[in-house]
Peer 1: 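The structure under discussion is supplied below as structure tokens; questions concerning it will follow.
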Amino acid sequence: GAVVSQHPSWVICKSGTSVKIECRSLDFQATTMFWYRQFPKQSLMLMATSNEGSKATYEQGVEKDKFLINHASLTLSTLTVTSAHPEDSSFYICSADGTSGSGETQYFGPGTRLLVL
Amino acid sequence: SQQGEEDPQALSIQEGENATMNCSYKTSINNLQWYRQNSGRGLVHLILIRSNEREKHSGRLRVTLDTSKKSSSLLITASRAADTASYFCATDASYNTDKLIFGTGTRLQVFP
């Protein structure tokens with residue numbers, strides 16, 4: 001089946017630093033990837049939609065200058081949390097849309113846990 | 001917020017019992033999906049039910065969909081300790097069917 005990887009799986013950083021998270025589709029090409037954030041014991045909240053070769057579309061309330069998204073190829077999207085602060089500590093999950101483009105075939109990565117000290 | 005609601009928020013049962021989780025959503029949909037998430041891990045897709053379907057089965061899973069009530073249920077029969085996880089429903093967003101809107105989730109604990 002389709003596999004999506006994320007790197008790193010967890011990261012601890014100091015407040016004020018930037019952290020980059022990679023999301024890769026390993027055996028398929030994904031024109032669209034999605035980034036979610038999940039706080040403890042809460043649901044996944046969509047942050048942005050990443051489209052290969054174009055600017056990401058951010059959900060309401062998500063700061064695009066804070067969460068930089070780059071979808072440079074059909075198999076890689078990156079999320080950079082700039083000038084991270086403790087309130088950015090969360091579980092970040094990406095998903096990649098299969099070729100149907102209908103949302104029915106989203107494959108999820110294993111997540112990246114970010115802790116900002 | 002378009003986020004769906006799930007109930008119960010938490011459910012504890014003994015192995016062998018059945019577990020039922022409910023999901024309500026707010027807008028018209030094309031399909032509804034159920035996912036499972038083990039603690040601190042990614043999501044595993046369980047089942048997809050389309051808006052023109054009323055019931056679907058997959059192994060020990062049974063999903064129903066009532067579009068008139070904007071609700072769905074997930075039944076896990078003969079539960080096992082390994083079923084312990086959080087379960088989320090997800091619907092396609094009415095304004096963009098590529099996007100998924102997740103419910104609040106049900107944390108299921110199955111005791112051996």
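Computation of the quantities below employed the complete heavy-atom set of this structure, encompassing side-chain atoms and omitting hydrogens, waters and symmetry-equivalent molecules. All chains are named by letter (A, B, ...) in the order of the sequence lines, taking the proteins before the strands, and each is independently numbered beginning at 1.
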Peer 1: So what's closer than 4.5 Å to chain A heavy atoms on B:Q37: side chain, backbone, both or neither?
Peer 2: side chain
Peer 1: Just verifying a value: how many Å separate B:R41 CZ and A:S9 OG, rounded to the nearest 0.5 Å?
Peer 2: 10.0 Å
Peer 1: Got more than 12 heavy atoms from elsewhere within 6.0 Å of CZ, B:R54?
Peer 2: yes
Peer 1: If I take atom CG from residue B:L100 and atom CZ from residue A:F34, how far apart are they, to the nearest 0.5 angstrom?
Peer 2: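 If I round to the nearest 0.5 Å, the distance is 7.0 Å.
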Peer 1: Counting only heavy atoms closer than 4.5 Å, note whether A:L44 contacts chain B via side chain, backbone, both or neither.
Peer 2: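 Contact with chain B involves both backbone and side-chain atoms of A:L44.
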Peer 1: Please determine whether the number of non-hydrogen atoms from other residues, nucleotides or ligands lying under 6.0 Å from atom NZ of A:K66 exceeds 12.
Peer 2: yes
Peer 1: As an exercise, state the distance from NZ of B:K99 to CG of A:L46, rounded to the nearest 0.5 Å.
Peer 2: 6.0 Å
Peer 1: Is it true that a side-chain atom of A:S43 and a backbone atom of B:G105 form a donor plus acceptor pair closer than 3.5 Å?
Peer 2: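 Pair absent, no side-chain N/O of A:S43 close to backbone of B:G105.
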Peer 1: With only heavy atoms counted, which part of A:Q38 is less than 4.5 Å from chain B, the side chain, the backbone, both or neither?
Peer 2: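 Just its side chain gets close to chain B.
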Peer 1: Heavy-atom count check: over 12 atoms from other residues, nucleotides or ligands less than 6.0 Å from B:H57 NE2?
Peer 2: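 Counting other residues, nucleotides and ligands, NE2 of B:H57 exceeds 12 neighbours.
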Peer 1: Return the CG to CD distance between B:D92 and A:Q106, rounded to the nearest 0.5 Å.
Peer 2: 10.5 Å
Peer 1: If you count every heavy atom of other residues, nucleotides or ligands that lies below 6.0 Å from B:E53 atom CD, does the total exceed 12?
Peer 2: yes
